[in-house]
Amino acid sequence: MSNSWDEYADGWDNNQDVVLYAQNAFKSLTQYTELNGLRVLDFGCGTGLLTEKIAKQAAEVIAIDTSAKMIDVLNAKSLTNVKTLCCELSEHEIKNNPLLTEGFDLIIASSVCAFVPNYQQLLTLFKRLLNQSGTFVQWDWQRNEQDDFGFTPEMITQGYESANLLVESVTNAFSLTSNNSTMQVLMGIAKNN
Ligand SMILES: C[S@@+](CC[C@H](N)C(=O)[O-])C[C@H]1O[C@@H](n2cnc3c(N)ncnc32)[C@H](O)[C@@H]1O
């Protein structure tokens, strides 16, 4: 089944804005935590710009995305400790997919949560997938007054609390300038309890 993100897959890794976003997300992640030995879920992995950086240090990365073409580009990178899944994350998938039955030490979601129709439901699924002391980290555009895309810090905090995740921090991790406009990126971090 085709997906609206499929058409972006071929040129994704040559888009300097998304390359820079992944570089900044990785930098902020490694400033926060060590990755050595961790089992990581990269939700909305795209072509794996962040996956490939994390995989150099983590024990294993499961990379999931609903776009088959994005996953094709990632698979072509043949990363030895990365396994990919092209499906919608759901209770059914968590119960039945062997790659998801074992828990995760870290779940990351870079520039994807704002595209998912039900953020709260997604956080509840992440809570199910996290190991006891596991961590969830997301990066998303900060919502501004002009449009209704992205998140405010309050939306993220409330989402974590409603999913019974412990709010660690919600910060302005970095900003990106493109076409003369600068946008802030929020980094939300929550722990399983
Ligand atoms: C802006 S891109 C970010 C890709 C990647 N995280 C990166 O940093 O380059 C958003 C990605 O989220 C994926 N996506 C959108 N909705 C999704 C969903 N419900 N489940 C999993 N992936 C989804 C898209 O297919 C796309 O690859």
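No experiment lies behind these values; they were computed from the predicted model shown. Order of listing sets the numbers, starting from 1, for every ligand and every atom in it.
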A student comparing Asp65, Ile64, Asp140 should find that the heavy atom closest to atom 11 (C) of ligand 1 comes from Asp65

*Is there any N or O on Val116 that sits under 3.5 Å from an N or O of ligand 1?*
no

Does Trp5 reach ligand 1 with a nitrogen or oxygen that is under 3.5 Å from one of the ligand's nitrogen or oxygen atoms?
no

Tyr21 vs Trp141 aromatic rings, parallel, tilted or perpendicular, using cut-offs 30° and 60°?
-> perpendicular

I'd like to know whether CG of Asp10 has more than 12 heavy-atom contacts from other residues, nucleotides or ligands below 6.0 angstrom. no

Numbered in order shown, the ligand 1 atoms found under 4.0 Å of a heavy atom of Ser111 are 1 (C), 2 (S), 3 (C), 10 (C)

The atoms of ligand 1 lying under 4.0 Å from a heavy atom of Cys45, numbered in the order shown, are 5 (C), 6 (N)

Query - Any donor-acceptor pair under 3.5 Å from Asn97 side chain to Glu93 backbone - result: no

Closest heavy-atom approach to atom 8 (O) of ligand 1 among Ser90, Ala9, Gly46, Ser110 is made by Ser110

- Do the rings of Phe149 and Phe115 sit parallel, tilted or perpendicular, given the 30° and 60° boundaries? tilted

Ranked by distance from atom 6 (N) of ligand 1, the top protein heavy atom is Gly44 O, 2.7 Å

heavy-atom search around atom 19 (N) of ligand 1 in the protein gives Glu88 OE2, 2.7 Å

Quick check on Leu50 - does any of its heavy atoms sit under 4.0 Å from an atom of ligand 1? no

Residue, atom and distance of the protein heavy atom nearest atom 16 (N) of ligand 1 read Thr66 OG1, 3.8 Å

Within 4.0 Å of some non-hydrogen atom of Phe43, the atoms of ligand 1 are 18 (C), 20 (N), 21 (C)

NZ (Lys53) with more than 12 external heavy atoms under 6.0 Å:
yes

For Glu34, does the CD atom sit with more than 12 other heavy atoms under 6.0 Å from it, leaving out its own atoms?
no

When rounded to the nearest 0.5 Å, the distance separating CH2 of Trp12 from OG of Ser67 is 10.0 Å

Proximity flag Tyr8 to ligand 1, non-hydrogen atoms under 4.0 Å: no

re atom 7 (C) of ligand 1, the protein heavy-atom contact at minimum distance is Trp12 NE1, 4.1 Å

Is it the case that more than 12 heavy atoms not belonging to Tyr8 sit under 6.0 Å from its OH atom?
-> no

If you compare Val112, Asn118, Leu85 by their heavy atoms, the one closest to atom 12 (O) of ligand 1 turns out to be Val112

Checklist entry - More than 12 heavy atoms of other residues, nucleotides or ligands under 6.0 Å from NZ of Lys77: is that the case? => result yes

